[in-house]
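Presented below is the structure to which this report refers.
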Amino acid sequence: AGQLYPYRVEPAGRVSALENPARPLGVALPANFRTVSAPFAVGDLWVFLSDGVIEGHSADGAEFGFERLERVMASAVAGRSAAQLRDEILKAWREFTGRDEPEDDLTLLVLRVLE
């Protein structure tokens, strides 16, 4: 499935991953599921993505990577909409890879917590 840990982006720009020690779906049997919880605060953005975002390659073979993604997300200051952050991530990905179509899966869902 290649689904990565979701990210929480606070209005001040603090970025943190919601880590879960369970194995991803389809990696090994028996499945080992664990429940992890985190606070949902008004104004937070939550980013759910597949590994195709991180593994996007530039012309010289470098990966887009976690650090680059986290820098883009950290720029999401108060008032930024989920659609704006989604568009900023995709723009940075396209500029880095030099393409519109991904080599692999590319799943990206951004949610904003409202009142």
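Using a 4.5 Å cut-off on side-chain heavy atoms (C-beta onward), Leu49 and Thr107 make no contact. Two residues are said to be in side-chain contact when any heavy atoms from C-beta on lie closer than 4.5 Å; Met73 and Ile89 meet this criterion. Counting heavy atoms from C-beta outward, Arg8 and Pro39 have side chains that approach closer than 4.5 Å. Residues Leu111 and Phe48 are in side-chain contact: their nearest non-hydrogen atoms beyond the backbone lie under 4.5 Å apart. The closest side-chain heavy-atom distance from Trp93 to Arg68 is not below 4.5 Å.
Of all non-hydrogen atoms in Ser81 and Leu45, the two that sit nearest each other are C-CD2, 4.2 Å. Shortest non-hydrogen contact noted between Ala62 and Asp60 is N-OD1, 3.2 Å. Closest approach of Asp44 and Glu10 over heavy atoms only: OD1-CA, 3.5 Å.
Judged by distance alone, the side chain of Glu88 and the main-chain N or O of Leu85 form no donor-acceptor pair under 3.5 Å. Checking side-chain atoms of Arg99 against main-chain N and O of His57 turns up a donor-acceptor pair under 3.5 Å.
The distance from atom CG of Leu18 to atom OG of Ser37, rounded to the nearest 0.5 Å, is 8.0 Å. The distance from the CD atom of Glu95 to the CG atom of Leu90 is 11.5 Å, given to the nearest 0.5 Å. Annotation: the span from Trp46 atom CH2 to Phe40 atom CZ amounts to 5.0 Å, rounded to 0.5 Å.
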The test is side chain to side chain contact (heavy atoms under 4.5 Å, CB included); show your working for Leu114 and Val42 and say whether it passes.
CA-CA 5 Å; Leu114 301 174; Val42 172; over 6 Å; no
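The aromatic rings of Phe96 and Phe64 sit perpendicular, their planes meeting at an angle over 60°, well past the 30° parallel limit.
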